[in-house]
*Asks:* 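Please read through the structure below; I'll follow up with questions.
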2 protein chains.
Amino acid sequence: MKETFASASGGRRATGGGSAPPAPAALAAKVRTLAPSMTRSMQRVAEAVAGDPAGCAALTVTGLAELTGTSEATVVRTARLLGYPGYRDLRLALAGLAAQQQSGRAPAITTDIAVDDPIADVVAKLAYDEQQTLADTAAGLDTVQLGAAVAALAAARRTDVYGIGASNLVAQDLTQKMLRIGLIAHAPGDPHLAVTNAVQLRAGDVALAITHSGSTGDVIEPLRVAFERGATTIAITGRPDGPVTQYADHVLTTSTARESELRPAAMSSRTSQLLVVDCLFVGVAQRTYEATAPALAASYEALAHRHGALRGGAGDRRA
Amino acid sequence: MKETFASASGGRRATGGGSAPPAPAALAAKVRTLAPSMTRSMQRVAEAVAGDPAGCAALTVTGLAELTGTSEATVVRTARLLGYPGYRDLRLALAGLAAQQQSGRAPAITTDIAVDDPIADVVAKLAYDEQQTLADTAAGLDTVQLGAAVAALAAARRTDVYGIGASNLVAQDLTQKMLRIGLIAHAPGDPHLAVTNAVQLRAGDVALAITHSGSTGDVIEPLRVAFERGATTIAITGRPDGPVTQYADHVLTTSTARESELRPAAMSSRTSQLLVVDCLFVGVAQRTYEATAPALAASYEALAHRHGALRGGAGDRRA
DNA sequence: ACCGAAACGAAAATATCTTTCATGAGTGAC
DNA sequence: GTCACTCATGAAAGATATTTTCGTTTCGGT
């Protein structure tokens with residue numbers, strides 16, 4: 001029925017990326033995330049919906065179809081793609097969104113960063129955008145997938161985290177944190193090393209791929225290897241329909257913010273990925289709390305003397 | 001804290017009568033006002049609607065009729081009495097109301113993350129905390145210092161970025177971005193290497209130290225060396241009074257959020273540091289725009305083929 | 001008990017949403 | 001270049017939901 005989910009190769013491949021409950025306020029984010037995988041007319045509909053929730057909520061299928069110059073069928077298809085059972089439900093969500101916008105925030109820094117913006121504006125806009133990215137990501141995260149991923153990580157014999165470029169830094173971040181609570185994790189920075197590592201994995205291990213585009217070959221390849229060796233695989237990506245999800249048991253979707261020349265996509269995707277990674281870490285830490293607490297404390301201790309004379313005068317609570 | 005706007009008390013509310021535009025959120029009030037003039041079954045409907053907007057919004061006319069033990073006609077009549085053209089519109093308003101209530105309930109995340117928090121709460125709290133951190137950092141950033149730092153970076157012959165542990169990832173992030181726009185930057189991960197590098201610096205070069213505690217010896221040492229060799233030095237730290245600032249020409253302060261066992265300080269300091277680093281980068285990119293624009297475009301190009309079939313356009317939903 | 005008015009719900013009528021299906025545009029193979 | 005194929009798309013049929021109509025029931029007054 002849903003042509004969207006081509007059952008991928010290995011027969012495994014659990015509840016892919018799209019299986020999320022209808023989004024409440026994450027709609028704008030979802031539109032942005034899914035836009036690339038939409039057809040032209042669907043994009044028109046999605047755009048209209050994201051651009052004027054209130055206005056669209058007042059329209060019937062036919063009305064919206066006419067407004068966007070498409071057909072009822074297309075409107076319904078778009079609604080489905082966005083995660084709703086049909087247009088009726090999308091419309092309801094739209095009404096909710098409109099009400100929220102109305103009551104809540106009026107001011108939005110809509111302008112992009114310009115070449116001649118004063119530095120203070122740059123700070124404000126960047127901070128705002130990153131906050132937005134965080135909100136979108138949080139709203140769009142599938143907690144079921146997240147829970148499953150956490151469970152897998154907490155139980156893993158060892159974990160590999162694959163990421164290239166900026167995503168590699170995120171991978172390292174997760175790795176560092178996991179090591180701190182006594183879990184074995186690696187974030188090979190070299191694609192060849194990654195594959196070599198992946199070969200060592202087996203059932204019970206976890207491989208986690210981080211790629212914004214969802215189609216970074218250097219990251220997909222080791223994940224595929226791990227997948228085929230029977231490891232539990234997780235993908236953190238901005239494209240829940242991208243190639244990487246073929247080999248992912250669990251897909252965690254990051255949000256895609258608008259980008260510009262001065263604000264490369266890497267910035268918001270990094271923010272988004274880090275939030276997901278933090279969630280994973282905290283989830284795992286919760287699950288392994290008895291073992292974790294002393295480990296965390298121990299790593300504090302160990303670090304303390306590396307901070308030279310930690311006597312910064314006032315404050316300085318942690319001994 | 002002003003969004004307590006709920007009560008429709010303001011001058012608006014004149015619409016009470018009935019022959020008026022659909023009510024936004026004043027629904028509960030309207031129900032109470034109009035209740036006396038309602039028939040028994042209509043009251044039942046109105047009561048249900050006022051009592052559980054969200055629940056009722058999910059119901060069709062028939063559903064609501066059954067729930068209240070009445071008929072469709074009665075439901076429609078009630079909707080009319082409340083000022084809507086029909087049930088459909090009442091339902092829309094209901095959805096809006098529900099969404100508003102929901103979002104109003106949001107700021108309940110003031111609690112710290114607990115060991116037994118459900119995963120959804122973890123996501124919400126982490127996102128909220130990081131947003132908070134961003135806001136704090138942006139508010140606390142000294143734009144003068146920032147501007148000076150940007151100027152120094154943009155003019156530097158070469159730049160060294162020192163950071164250890166989690167801060168090293170931030171350092172690498174900055175380095176990667178600077179390289180992308182053609183600026184020479186290094187982020188040595190090894191303290192010895194860092195010092196070795198620092199020795200090479202001279203006036204016109206820039207050394208940037210990133211340390212949350214402000215007293216990480218391994219980071220202070222190379223900065224000191226650079227400082228003494230005449231390089232322009234910058235510190236990104238959470239402790240503007242820490243030892244590191246001794247050797248810093250410009251100090252950029254990051255915010256320190258509350259931490260807990262499950263939410264190590266590293267998380268918020270990283271968020272904070274990244275924001276500062278992004279600001280630096282964008283500032284530098286602005287200053288060097290003519291040279292930067294083509295460089296950025298070029299790096300896009302170069303990366304494109306590393307991403308399998310990265311065709312943003314229509315179609316292409318996995319083979 | 002009888003009358004009248006209003007409340008109420010069953011079902012018809014209508015509007016709206018969903019599905020199916022045929023068409024045509026685009027794409028890759030040959 | 002043509003051909004076969006896939007897939008996006010909208011028209012119209014089909015299914016639901018909403019609104020209207022209209023007859024029955026209920027209740028108060030005499």
Side-chain angles (χ1 to χ4, degrees), chain A residues 1-7 18 22 31 34-49 55-95 241 243, chain B residues 18 22 34-49 55-95 308-319:
Chain A
M1 31 173 76
K2 306 276 193 69
E3 82 280 27
T4 316
F5 300 129
S7 63
V31 167
L34 266 42
S37 65
M38 285 182 187
T39 67
R40 214 170 12 254
S41 19
M42 281 167 115
Q43 279 181 359
R44 274 213 301 285
V45 175
E47 200 177 313
V49 157
C56 292
L59 294 171
T60 72
V61 225
T62 316
L64 185 53
E66 276 179 14
L67 177 73
T68 57
T70 64
S71 67
E72 288 101 325
T74 301
V75 172
V76 172
R77 275 191 281 259
T78 309
R80 292 262 162 77
L81 193 69
L82 290 174
Y84 301 91
Y87 176 68
R88 206 185 308 272
D89 301 78
L90 168 62
R91 198 173 163 187
L92 239 44
L94 238 39
D241 61 340
Chain B
L34 266 43
S37 65
M38 286 182 187
T39 68
R40 221 173 0 258
S41 19
M42 281 169 109
Q43 279 180 3
R44 273 213 303 284
V45 176
E47 200 177 314
V49 158
C56 292
L59 294 171
T60 74
V61 223
T62 316
L64 185 52
E66 276 180 14
L67 177 73
T68 58
T70 64
S71 68
E72 288 103 323
T74 301
V75 172
V76 172
R77 276 191 280 262
T78 309
R80 293 262 162 76
L81 194 68
L82 289 174
Y84 301 90
Y87 175 68
R88 207 185 311 270
D89 301 78
L90 168 61
R91 198 174 163 187
L92 239 44
L94 239 39
L310 182 85
R311 156 186 14 175
D316 175 42
R317 49 183 66 215
R318 170 174 338 146

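Residue numbers begin at 1 in each chain, while the letters A, B, ... track the order of the sequences.
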*Asks:* If each of B:Thr60 and A:Gly69 is mapped to the nucleotide of DNA chain D with the nearest heavy atom, which maps nearer the 5' terminus, i.e. the 5' end?
*Replies:*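 On the 5' side of the pair lies A:Gly69.
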
*Asks:* What's the closest nucleotide to the side chain of B:Tyr87 if the choices are D:dT18, D:dT9, C:dT18?
*Replies:*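 Between D:dT18, D:dT9, C:dT18, the one nearest the side chain of B:Tyr87 would be D:dT18.
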
*Asks:* Just the rounded figure in Å: distance from C1' of C:dT16 to CD of B:Glu72.
*Replies:*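 Rounding to the nearest Å, CD of B:Glu72 and C1' of C:dT16 are 16 Å apart.
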
*Asks:* Would you indicate what A:Arg44 reaches in the nucleic acid, counting non-hydrogen atoms under 4.0 angstrom: base, sugar-phosphate, or nothing?
*Replies:*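 Here A:Arg44 touches no strand at all.
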
*Asks:* Under 4.0 angstrom, heavy atoms only, what part of the nucleic acid is B:Arg40 near: base, sugar-phosphate, or nothing?
*Replies:*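 Touches sugar-phosphate only.
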
*Asks:* Check this one for me: any side-chain N or O of A:Ser41 less than 4.0 Å away from OP1 or OP2 of D:dT9?
*Replies:*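 So the side-chain polar atoms of A:Ser41 do come within 4.0 Å of the phosphate oxygens OP1 or OP2 of D:dT9, strictly under.
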
*Asks:* Rounded to whole angstrom units, what separation is found between the CG atom of B:Asp89 and the P atom of D:dA17?
*Replies:*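 So the two atoms are 17 Å apart, to the nearest Å.
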
*Asks:* Just verifying a value: how many Å separate A:Leu82 CG and A:Asp89 CG, rounded to the nearest 0.5 Å?
*Replies:*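 A:Leu82 atom CG to A:Asp89 atom CG measures 12.0 Å (nearest 0.5 Å).
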
*Asks:* Between D:dT18, D:dT20, C:dT18, which nucleotide has the shortest distance from any of its atoms to the side chain of B:Arg91?
*Replies:*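 So the nucleotide nearest the side chain must be D:dT18.
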
*Asks:* Could you tell me how far apart B:Leu92 (CG) and D:dT18 (C1') are, to the nearest whole angstrom?
*Replies:*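 So the two atoms are 14 Å apart, to the nearest Å.
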
*Asks:* Hey, could you give me the CZ/CG distance between B:Arg91 and B:Leu64, rounded to the nearest 0.5 Å?
*Replies:*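 Here the rounded value is 9.5 Å.
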
*Asks:* Between P on D:dA8 and CG on A:Leu81, what's the gap in Å once rounded to a whole number?
*Replies:*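 Computing the A:Leu81:CG to D:dA8:P distance gives 11 Å.
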
*Asks:* Rounding to a whole Å, what distance do you find between B:Glu66:CD and D:dT18:C1'?
*Replies:*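 Going from CD in B:Glu66 over to C1' in D:dT18 covers 15 Å.
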
*Asks:* Taking the minimum atom-to-atom distance to the side chain of A:Ala73, which one of D:dA17, C:dC17, D:dA11 wins?
*Replies:*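 In terms of side-chain proximity for A:Ala73, the closest of D:dA17, C:dC17, D:dA11 is D:dA11.
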
*Asks:* Atom CD of B:Gln43 to atom C1' of C:dA7: distance rounded to whole Å?
*Replies:*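 B:Gln43 atom CD is separated from C:dA7 atom C1' by 13 Å.
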
*Asks:* By nearest atom, which of the nucleotides D:dT9, C:dC8, C:dG9 is closest to the A:Thr74 side chain?
*Replies:*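 Closest of the options to the side chain of A:Thr74: D:dT9.
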
*Asks:* Mark yes when over 12 heavy atoms from residues, nucleotides or ligands other than B:Gln43 sit less than 6.0 Å from its CD; otherwise mark no.
*Replies:*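 Counting neighbours around CD of B:Gln43, more than 12 heavy atoms of other residues, nucleotides or ligands fall under 6.0 Å, so yes.
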
*Asks:* Any idea which heavy atoms bring B:Cys56 and B:Ala48 closest together, and the distance?
*Replies:*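 That closest heavy-atom pairing would be SG-O, 3.4 Å.
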
*Asks:* Report the nucleotide, chosen from C:dT16, D:dG10, C:dC17, that has the shortest atom-to-atom distance to any side-chain atom of B:Arg88.
*Replies:*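 Within the option list, the nearest is C:dT16.
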
*Asks:* CZ of B:Arg88 to CZ of A:Arg88: how many Å apart, nearest 0.5 Å?
*Replies:*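 With rounding to 0.5 Å, CZ (B:Arg88) is 7.0 Å from CZ (A:Arg88).
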
*Asks:* From CE of A:Met42 over to P of D:dG10, roughly how many Å is that when rounded to an integer?
*Replies:*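 Roughly 11 Å, once rounded to whole Å.
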
*Asks:* Go through D:dT19, D:dG10, C:dC8 for me and flag the one nearest to the A:Ser71 side chain.
*Replies:*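 From the listed options, D:dG10 comes nearest.
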
*Asks:* Quickly work out the A:Leu59 CG to C:dT16 C1' distance and round it to whole Å.
*Replies:*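 My rounded result for the distance is 13 Å.
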
*Asks:* Between D:dT19, C:dC8, C:dA10, which nucleotide gets closest to the side-chain atoms of B:Val76?
*Replies:*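 Nearest to the side-chain atoms of B:Val76, counting from C-beta on, is D:dT19.
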
